[in-house]
There are 2 protein chains.
Amino acid sequence: MAGLRERQKQDRQKRIVEEARALFMEQGYEATTIEGIAAAVGLSGVTVHNYYGTKAGVLLAIVAESDRKLLERMGAALSGDIDDLLELLLNFAAIVRQHAVTNLNKQIWRQVVAATIVDSESRFAKTYHELDHKLSMVLVREVERLQREGRVSAEISAFALGKGLFHLQNTRFIQFVSSDEMSDEDAAKKLRSDVSALLHALPSRVAAE
Amino acid sequence: MAGLRERQKQDRQKRIVEEARALFMEQGYEATTIEGIAAAVGLSGVTVHNYYGTKAGVLLAIVAESDRKLLERMGAALSGDIDDLLELLLNFAAIVRQHAVTNLNKQIWRQVVAATIVDSESRFAKTYHELDHKLSMVLVREVERLQREGRVSAEISAFALGKGLFHLQNTRFIQFVSSDEMSDEDAAKKLRSDVSALLHALPSRVAAE
DNA sequence: TGAAATTTTTTATTGAACTAAATTTTTTAT
DNA sequence: ATAAAAAATTTAGTTCAATAAAAAATTTCA
């Protein structure tokens, strides 16, 4: 039984996040001021500070919201019908990139990535990393399935492989948002080349032993 | 024949970088002001701005300097005596981490990584990425050697594999500097687990075909 | 040496994030 | 309905990065 005050608080927070997102998209992150966001919502700048602490805090709240949607979508999209590890990861990565540019833009994503690194210890960065973790666990579960199907060696740790693949995806994602020129296809191509090389790096084991 | 003015300019820049590094280490990045750096060198804050544009510009100049040293060291350290791909990368990564914490500290490295992402297009971020590229090419050349020795499959692209390994190293490096708690051993262990899983992910090819 | 060119510094301002404290408004509970 | 509690706002101020424009200093070159 959430009291009226609590509901109003949540409503205000929701409005802040919505208006902030709109302003960031319209004017860019740096050009948007906290006072501007507050004015758009009809609150004082100090109130926004009270809720989110810093401008980066507001940004990460937007992303947390958007990432929750991505997580849902990913669970559904990767519903166990891809039988090749490489294709699985490329699919995963394509969904992440598409979601990213649909909800925000590259310039803003650069600020997001930077903020999560600089303020690693902040509450907002922590929820971001939690969502990242959950996202990577989707991959881990898919790897487990491929192991059961004999497509991936049963001897390795699905967790380690899932995480490793996620990292490669993430690196190329950061490169993707870091350059306004880099196309979705470029990013996909580069990720394919990374993963493919790693998966086939070692000479066939039978021959080597 | 560099004129006097040019020499003085370089001398001033060197002093700025040195003093800035000292102050960043003493007081932390955020607590250090451009005016403070300028005062320590005996220049005006505006002059520092003229040279480096922004505070992040000064920071990246420090890193460029330090990374040049790392590149030299890496060339010598990895002089072709490791015959296992995984051990090679772990060695590479250990050198990078050790160099990082010796020259700067984690808190500052977080700012570095963030700055190179946010200001991707700046002159300073570009030289940073160039040095990163050269660093990764050291790995590519080592992979080529392992291919010649039959330790790595001749069928894959050494470039792709070198880059892929570098990315995994880089991701774990960023995680390493992002957490003050994470030890060097932790970072090494996690990287080993990533790479190892990826290298042995696929079931032995002979059996599969 | 002295005039011209270039650089640095001084001076002044702006803009914005963030903070502190007092006041007002709103909500809750008696 | 009213007192008490909690939250939001106002007001005021600090700090610092960044920029602009004019003045001063330095260097180059004829």
Side-chain angles (χ1 to χ4, degrees), chain A residues 1-17 19-20 23-24 26-62 108 111-112 114-115 118-119 121-125, chain B residues 1-17 19-20 23-24 26-62 108 111-112 114-115 118-119 121-125:
Chain A
M1 54 148 221
L4 176 57
R5 176 167 281 166
E6 186 59 27
R7 269 183 287 132
Q8 288 192 325
K9 192 172 194 165
Q10 284 179 3
D11 177 61
R12 260 182 239 118
Q13 290 180 338
K14 207 179 110 209
R15 271 154 58 215
I16 290 171
V17 167
E19 289 293 346
L23 287 173
F24 287 158
E26 270 170 43
Q27 315 174 339
Y29 177 77
E30 311 216 311
T32 302
T33 67
I34 289 196
E35 287 294 334
I37 297 167
V41 183
L43 297 170
S44 79
V46 179
T47 302
V48 175
H49 265 107
N50 283 342
Y51 282 137
Y52 296 103
T54 66
K55 198 166 137 182
V58 178
L59 177 63
L60 292 184
I62 296 172
I108 298 176
Q111 301 285 346
V112 171
V118 170
D119 310 326
E121 304 303 312
S122 82
R123 179 164 64 92
F124 298 103
Chain B
M1 53 149 219
L4 176 56
R5 177 166 279 167
E6 186 59 28
R7 269 184 288 131
Q8 287 193 326
K9 191 172 196 166
Q10 284 180 3
D11 178 61
R12 260 182 239 117
Q13 289 181 337
K14 207 180 111 210
R15 272 154 57 214
I16 290 171
V17 167
E19 289 292 346
L23 287 174
F24 287 158
E26 272 170 41
Q27 315 175 337
Y29 176 77
E30 312 216 310
T32 302
T33 66
I34 289 197
E35 287 293 334
I37 297 167
V41 183
L43 298 170
S44 80
V46 178
T47 302
V48 175
H49 265 108
N50 283 341
Y51 281 138
Y52 295 104
T54 66
K55 200 167 134 181
V58 179
L59 178 63
L60 292 184
I62 296 173
I108 298 176
Q111 301 285 346
V112 171
V118 171
D119 311 322
E121 305 302 314
S122 82
R123 178 163 65 93
F124 298 103

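On a predicted model such as this, the values are computed, not experimentally measured, just so you know. So that the names make sense, note that chain A is the first sequence line, chain B the second, and so on, each numbered from 1.
- Between A:Tyr51 and D:dA7 there is no side-chain polar atom (N or O) within less than 4.0 angstrom of OP1 or OP2.
- Residue-level contact check: A:Tyr52 touches neither bases nor backbone, having no heavy atom under 4.0 Å from any strand.
- If you check every strand for non-hydrogen atoms under 4.0 Å, A:Thr33 touches sugar and phosphate atoms only.
- Base pairing analysis places C:dA20 opposite D:dT11; the two distances defining the Watson-Crick or G-U wobble pair are each below 3.5 Å.
- With A:Tyr51 as reference, A:Arg12 is the one residue of A:Gln13, A:Arg12, A:Lys9 to meet the side chain to side chain donor-acceptor pair (under 3.5 Å) rule.
- Between the C1' atom of D:dT27 and the NZ atom of B:Lys9 lies a distance of 13 Å, rounded to the nearest Å.
- Between B:Glu35 atom CD and C:dT8 atom C1' the separation is 14 Å, expressed in whole Å.
- Comparing A:Thr32 and A:Val46 along DNA chain C, the residue whose closest nucleotide (by nearest heavy atom) sits nearer the 5' end is A:Thr32.
- Regarding B:His49, its NE2 atom lies at a distance of 4 Å from the P atom of D:dA18, rounded to whole Å.
- Between B:Asn50 and A:Ile34, it is B:Asn50 whose nearest contact on DNA chain C lies nearer the 5' terminus.
- With D:dA20, D:dA17, C:dA17 as the choices, the nucleotide that has an atom nearest any side-chain atom of B:Lys55 turns out to be D:dA17.
- The interatomic distance linking B:Glu30 (CD) with C:dA17 (P) rounds to 15 Å, in whole Å.
- Between B:Phe124 and B:Leu59, every side-chain heavy-atom pair lies at or beyond the 4.5 Å cut-off.
- With a cut-off of 3.5 Å on both Watson-Crick or G-U wobble distances, the partner of D:dT19 is given as C:dA12.
- Per the geometry, CG belonging to A:Leu43 stands 14 Å off C1' belonging to C:dT26, to the nearest Å.
- One interatomic measurement links the two molecules: CZ of B:Arg15 to P of C:dT8, which rounds to 12 Å at whole-angstrom precision.
- Distance from the side chain of B:Ser44 is smallest for C:dT10 among the nucleotides C:dT10, C:dC18, D:dT10.
- For the OP1/OP2 pair of C:dT8 and a distance below 4.0 Å, the side-chain nitrogens and oxygens of B:Arg12 include at least one atom meeting the criterion.
- Considering all non-hydrogen atoms of both residues, A:Leu23 and A:Ile37 come closest at CD1-CA, 3.7 Å.
- Atoms CG (B:Leu23) and P (D:dC16) sit 13 Å apart, rounded to a whole Å.
- Base pairing of C:dG2: its partner is D:dC29, meeting the Watson-Crick or G-U wobble criterion (both donor-acceptor distances under 3.5 Å).
- Of the listed residues (B:Ile62, B:Ile34, B:Val41), just one forms a side chain to side chain contact (heavy atoms under 4.5 Å, CB included) with B:Ile16, and that residue is B:Val41.
- Note that B:Lys55 lies outside the cation-pi zone of B:Phe24, set by a 6.0 Å cut-off to the ring centre and a 45° limit from the axis.
- We find that CG of A:Asp11 is positioned 15 Å from C1' of D:dA8, with the value rounded to whole Å.
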